[in-house]
*Asks:* 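Okay, here's the structure, questions in a sec.
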Amino acid sequence: MIFKRKQKVAPDGERIWNEQLPDDIPVVEGRRLLVLDEPTYPRSWNAERFFPMLPGTAELTRVLPAGEVRTWFTHTSWTP
């Protein structure tokens with residue numbers, strides 16, 4: 001579950017660094033919940049693939065209705 005902003009943070013507002021593992025993303029109601037927020041400062045880096053034979057994919061399975069978004073936001077330190 002990702003709410004569209006930019007910098008990765010946990011639901012409580014704690015930053016999730018790029019070097020961290022997916023297991024570092026907190027589980028909320030059985031799902032890993034990540035908030036993307038505006039970055040606090042500009043950053044850039046050279047992106048390299050660690051596993052070149054493993055394709056990266058992302059799939060949008062559905063768009064959440066506004067009521068469900070509000071429900072998920074109750075688990076964060078943000079308000080929509």
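This structure is a prediction, so every number in the text was calculated from the model and none was measured.
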*Asks:* Are any non-hydrogen side-chain atoms of R31 and H75 less than 4.5 angstrom apart?
*Replies:* no
*Asks:* Tell me whether Q20 contacts the main-chain N or O of W17 through its side chain, where contact means a donor paired with an acceptor under 3.5 Å.
*Replies:* yes
*Asks:* If I compare all heavy atoms of I16 with all of L34, which pair ends up nearest, and what's the gap?
*Replies:*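 Taking I16 first and L34 second, the nearest heavy atoms are CG1-CD1, 4.0 Å.
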*Asks:* Got D23 and R32 here, is their nearest side-chain heavy-atom distance under 4.5 Å?
*Replies:* yes
*Asks:* Which heavy-atom pair separates S77 from G13 by the least distance, and what is that distance?
*Replies:* OG-N, 3.7 Å
*Asks:* Out of curiosity, R15 CZ to D24 CG, how far, rounded to the nearest 0.5 Å?
*Replies:*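 It comes to 14.5 Å.
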*Asks:* Evaluate the side-chain proximity of E14 to V9: yes if any heavy-atom separation is below 4.5 Å, no if none is.
*Replies:* no
*Asks:* Can any side-chain N or O of T76 pair as donor or acceptor with the backbone N or O of W72 at less than 3.5 Å?
*Replies:* no
